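Given the structure is predicted, the values throughout are model-derived calculations rather than measurements. Throughout, protein chains are lettered first and strands after them, A, B, ... in sequence-line order, and every chain is numbered starting at 1. Reckoned from all heavy atoms, side chains included, excluding hydrogens, waters and symmetry mates.
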Amino acid sequence: EAAVTQSPRSKVAVTGGKVTLSCHQTNNHDYMYWYRQDTGHGLRLIHYSYVADSTEKGDIPDGYKASRPSQENFSLILELASLSQTAVYFCASTAGTENTLYFGAGTRLSVL
Amino acid sequence: QEKVQQSPESLIVPEGAMSSLNCTFSNSASQSIWWYQQHPGKGPEALISIFSNGNKKEGRLTVYLNRASLHVSLHIRDSQPSDSAVYLCAVSGYNQGKLIFGQGTKLSIKP
């Protein structure tokens, strides 16, 4: 069974602070994704990666950085957290875009 | 920018009836179209995918794809209360590796 683990599961951050969300997969998948979910917006793509040490911008990359130091790990970094970044964040991995996408359980981020 | 639109936003269906969900996408060059199910507090899980024009049936699920009209639909036969969830349409094949989701349809099955 494919496994994607996100940490932390929930976090409260202060405005202007730095936040790092981590994702680890044990599936040997090349593709990894970060999405955010807000009510009424479905899943919006922030950053993605199809090979280690390389990341691509998604549809809403502003205010976010991504890091893929290895095939297994993919991090999302908020250098200066803002109120508008309060959301649920999902990490996902897949062997290829024609294959099933496996999601983590999500991280609920509240920026106060 | 690629667009994936789902309708309706929400749907209430009596138990045992057919549930029908719709999705339109903006790029005819898209590859596969996927449907994901998401229960409250959980990550989405893949249900079914389709690549070729026509229909695909798996159990109580049937998907219809019409590339000419950029439209795909999901039909759930004999809907059960456990089918109550948010359903997300996802489209691949834009830039390498990019997967775009619609905003979701909230399905509620009424016993």
**Asked** Which residues in residues 35-48 of chain B have any heavy atom lying under 4.5 Å from a heavy atom of chain A?
**Response**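 Within residues 35-48 of chain B, the residues that come under 4.5 Å of chain A (heavy atoms only) are B:Y36, B:Q38, B:G41, B:K42, B:G43, B:P44, B:A46.
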Using the rule that Ile, Leu, Val, Met, Phe, Trp and Tyr join whenever any side-chain heavy atoms are under 4.5 Å apart, tell me whether [X] and [Y] fall into a single cluster.
X      : Y     : answer
A:L101 : A:L21 : no
B:V86  : A:Y89 : no
B:I76  : B:V13 : yes
B:F51  : B:V91 : no

Quick check on [X]: does its [atom1] atom have over 12 non-hydrogen neighbours (other residues, nucleotides or ligands) under 6.0 Å away?
X      : atom1 : answer
B:R67  : CZ    : yes
A:I77  : CD1   : yes
B:K110 : NZ    : no

Nearest 0.5 Å please: distance from the [atom1] atom of [X] over to the [atom2] atom of [Y].
X      : Y     : atom1 : atom2 : answer
B:L88  : A:Y35 : CG    : OH    : 10.5 Å
A:Y48  : B:L99 : OH    : CG    : 9.0 Å
A:T100 : B:W34 : OG1   : CH2   : 3.5 Å

**Prompt:** For B:S52, which residues count as a side-chain hydrogen bond (donor to acceptor under 3.5 Å, both in side chains) partner, sequence neighbours excluded?
**Reply:**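 By the side-chain hydrogen bond (donor to acceptor under 3.5 Å, both in side chains) rule, B:S52 matches no residue at all.
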**Request:** Examine whether an atom of A:Q37 lies under 4.5 Å from a heavy atom of chain B, and if so say whether it belongs to the side chain, the backbone or both; otherwise answer neither.
**Result:**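 For A:Q37, the contact with chain B is made by the side chain alone.
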